[in-house]
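Count residues from 1 along the sequence. For the numbers below, each heavy atom of this structure counts, side chains included, while hydrogens, waters and symmetry mates do not.
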Amino acid sequence: MLTYNQSVYLDNKELNQSEIKEKRVMLGSRVRRLGIVLTSECNINCIMCERKLNNFTLPRQALEQIIGFFPYLDSIMWQGGEVFMVDYFKDFFEQASKFPQLAQEINTNGLLITQEWSEAIAKANTRMIFSIDSTDKDTYEYIRKGARFEV
């Protein structure tokens, strides 16, 4: 189990900044920002979405390898489809939350956020990005097939 070590994070950040300043092509520092598409699955069927053309979910084993980057990251962006459909996402979200320097960003339609998830999100260094295509009920439900505006 990885734990937060401020010097590991700061040493990597300093090395990264100096490598960029020196315009190095090959970097010895670790990645500092990471975007992960967890799945193409979604609980709704938006008219413009092409993710449904690719049916995939990132294997848990792949995410277990990514955990090794958590001590070095400034930020991680979780994307889907709909990330809250991935049953093991909460495990990885909570592990990332143990690193105070690591800002998490979640892209979601928000329809699957439970009370339990709300509490976990509120405790973590998290920014939420909600996909909402209209403030008009009819337009919203036309675009976001299967979603209810009231929710």
Under the side chain to side chain contact (heavy atoms under 4.5 Å, CB included) test, residues paired with [X] that sit two or more places apart:
X      : result
Val83  : Leu38, Trp78, Phe89, Ile106
Val151 : Leu111, Arg148
Arg60  : Glu64, Tyr88, Asp91, Phe92
Cys42  : Ile44, Glu82, Asn109

Transitive ILVMFWY side-chain link [X] to [Y], under 4.5 Å:
X      : Y      : value
Ile67  : Met77  : no
Phe93  : Val37  : no
Leu27  : Leu10  : no
Leu102 : Val31  : yes
Leu112 : Ile132 : yes

If you take all heavy atoms of Gly28 and Glu19, which pair is closest and at what distance?
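What the structure gives for the nearest pair is N-OE2, 2.6 Å.
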Where is the tightest heavy-atom contact between Ser40 and Asn55, given as atom of each residue plus distance?
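Where Ser40 meets Asn55 most closely, the heavy atoms are OG-CA, 3.3 Å.
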Inter-residue atom distance [X].[atom1] - [Y].[atom2], 0.5 Å rounding:
X      : Y     : atom1 : atom2 : result
Lys145 : Ile47 : NZ    : CD1   : 6.5 Å
Arg24  : Leu15 : CZ    : CG    : 7.5 Å
Leu73  : Leu34 : CG    : CG    : 5.5 Å
Glu14  : Ser29 : CD    : OG    : 11.5 Å
Asn5   : Asn12 : CG    : CG    : 11.5 Å
Asn125 : Ser97 : CG    : OG    : 8.5 Å

Residues in side chain to side chain donor-acceptor pair (under 3.5 Å) with Asn107, at least two apart?
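Scan of Asn107 (side chain to side chain donor-acceptor pair (under 3.5 Å), adjacent residues dropped) gives none.
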Applying side chain to side chain donor-acceptor pair (under 3.5 Å), can you list everything that pairs with Thr39, at least two apart in sequence or on another chain?
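Expected list: Thr57.
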Restricting to pairs with a member in [range], which pass salt bridge (Lys or Arg N to Asp or Glu O under 4.0 Å), not counting sequence neighbours?
range            : value
residues 40-49   : none
residues 126-139 : Glu105-Arg127, Asp133-Arg144, Lys137-Glu141, Lys137-Glu150
residues 106-125 : Lys90-Glu116

Any residue meeting salt bridge (charged side-chain N to carboxylate O under 4.0 Å, His left out) with Asp11, in chain and number order, not counting sequence neighbours
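Counting only residues at least two positions away or on another chain, Asp11 forms no salt bridge (charged side-chain N to carboxylate O under 4.0 Å, His left out).
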For the backbone of Tyr9 and the side chain of Gln101, can you confirm whether one donor and one acceptor N or O come within less than 3.5 Å of each other?
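Side chain of Gln101 to backbone of Tyr9: no pair is present.
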Using atom types as modelled and distance alone, determine if a side-chain donor or acceptor of Gln79 lies under 3.5 Å from a backbone N or O of Gly35.
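Answer holds: no.
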For the residue pair Phe99 and Ile76, establish whether any side-chain heavy-atom pair is separated by less than 4.5 Å.
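No. Closest side-chain heavy atoms not under 4.5 Å.
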Thr108 versus Phe84: any side-chain heavy-atom pair under 4.5 Å?
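Counting from C-beta outward, Thr108 and Phe84 do come under 4.5 Å.
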Among residues at least two apart in sequence or on other chains, which ones pass ring pair (Phe, Tyr, Trp, His ring centres under 6.0 Å) with Tyr140?
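With neighbours one apart ignored, the set is Phe149.
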Which residue pairs satisfy the ring pair (Phe, Tyr, Trp, His ring centres under 6.0 Å) criterion with at least one member in residues 45-73, sequence neighbours excluded?
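Of all non-adjacent pairs touching residues 45-73, none passes ring pair (Phe, Tyr, Trp, His ring centres under 6.0 Å).
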Report, as yes or no, whether the 6.0 Å neighbourhood of atom CD on Glu22 holds more than 12 heavy atoms from other residues, nucleotides or ligands.
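Counting neighbours around CD of Glu22, more than 12 heavy atoms of other residues, nucleotides or ligands fall under 6.0 Å, so yes.
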Can you confirm whether more than 12 heavy atoms, excluding those of Gln6, are under 6.0 Å from its CD atom?
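No, the 6.0 Å shell around CD holds no more than 12 heavy atoms from other groups.
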Electrostatic pair Arg33:Asp74 at N-O distance under 4.0 angstrom:
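No.
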